[in-house]
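Here is the structure we will look at.
As a basis for the values below, the full set of heavy atoms in this structure was taken, side chains included, without hydrogen atoms, waters or symmetry mates. Ligands are counted one by one from 1 in listed order, and the atoms in each one are counted from 1 as well.
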Amino acid sequence: MKMINSIIKNNICILTIEREKALNAMNYETLHELNDALKTSIKDESIRAIIITGSGEKSFIAGADIKIMQNLDKTKAYEFSKLGQNLTNTIENSSKLVIAAVNGFALGGGCEISLACHLRFASENAKFSQPEVKLGLIPGWGGTQRLPKIVGKSFALEMILSGEMIDSKKALSLGLVNGIFSNETLLNEVLLYTDKILKNGPKALESSLLCIQKSINSQQEEGMETEAKLFAKSFQSKETNEGITAFIEKRTPKFD
Ligand code: DAK
């Protein structure tokens with residue numbers, strides 16, 4: 001069964017999780033299909049950005065599928081954790097912009113998938129939580145590592161230890177989301193925002209993603225070196241020449 005719907009609009013690929021009846025909870029099939037769809041979109045030269053969202057009006061992703069977790073032993077649980085971490089690493093390390101359009105519940109593994117995205121926009125009815133402790137679990141798809149880097153240690157601890165949900169306004173006040181739109185307009189607004197970003201230099205966008213990722217995964221000195229090298233390299237590109245020339249000539253740059 002196809003769990004991921006993929007459509008392309010103006011160089012932007014929208015990946016929709018199609019498990020509405022289970023509030024888009026992630027079972028093995030959904031995890032594998034989303035990872036495959038992401039890898040395909042990242043390789044596809046006609047695609048410049050990816051939006052992940054959930055089907056229906058109620059839920060982005062209500063977490064890992066609790067029903068399959070009932071049968072996990074230690075070995076299978078480790079593999080299940082690695083499978084989800086693999087997916088969230090694919091998102092975070094993507095050379096193309098990945099945005100979460102959070103259209104409802106982003107719980108447990110669903111919150112963790114959104115945390116791996118470069119940007120997160122929420123609908124007014126969105127709710128975020130890491131409720132794993134309520135099931136006697138801890139987050140297993142990167143939540144303990146990414147959440148503190150986004151909202152700070154103190155609030156990450158509060159979310160992970162309490163397991164309580166927060167609404168989109170609270171998420172915005174914490175910097176957990178980049179913006180809020182009405183339930184009806186979320187996807188369109190995210191598309192418009194993405195379009196605006198894609199008007200900027202494509203290589204500059206890719207290098208920015210890479211450098212910021214470095215700030216998370218490596219020592220500052222190494223990140224600084226990468227930044228200096230990519231900054232210097234851009235001066236060999238038509239893109240940088242066009243951007244600077246267009247500014248001086250008082251016109252809009254043409255990057256395509
Ligand atoms: N898994 C499976 N099914 C789910 C689900 C989930 N996470 N969430 C919802 N569903 C299903 C419900 O079972 C129900 O199915 P039927 O009973 O109709 O067959 C259907 O979706 C509609 O749900 P409700 O009837 O419950 O709808 P309500 O509006 O009343 O409530 C709710 C919505 C989101 C508040 C409620 O469904 C809920 O509390 N769901 C569970 C949310 C949750 O706890 N999510 C976090 C899951 S834990 C690890 C690896 C991974 C993880 C941890 C560790 N390692 C290996 C170490 C990840 C953990 C998680 O994500």
Taking 4.0 angstrom as the limit and counting only heavy atoms of [X], give me the atoms of ligand 1 inside it, by number and element.
X	answer
A22	4 (C), 9 (C), 10 (N), 11 (C), 21 (O)
L107	34 (C), 42 (C), 45 (N)
I138	53 (C), 54 (C)
S81	55 (N), 56 (C)
A62	7 (N), 8 (N), 42 (C), 43 (C), 45 (N), 46 (C)
L135	48 (S)
D65	1 (N), 2 (C)

Q) Can you find an N/O atom of K58 closer than 3.5 Å to an N/O atom of ligand 1? A) yes
Q: Look up atom 48 (S) of ligand 1 and tell me if a protein heavy atom lies less than 4.0 Å from it?
A: yes
Q. For residues T90 and N35, is any side-chain donor paired with an opposing acceptor at under 3.5 Å?
A. yes
Q. Do the ring centers of F60 and F105 come within less than 6.0 Å of each other?
A. no
Q. What protein heavy atom sits nearest atom 14 (C) of ligand 1, and how far off is it?
A. K21 O, 4.4 Å
Q | Minimum-distance protein heavy atom relative to atom 13 (O) of ligand 1 | A | K67 NZ, 3.2 Å
Q. So, for S41 and A37, which heavy atoms are closest and what is the spacing to 0.1 Å?
A. OG-O, 2.8 Å
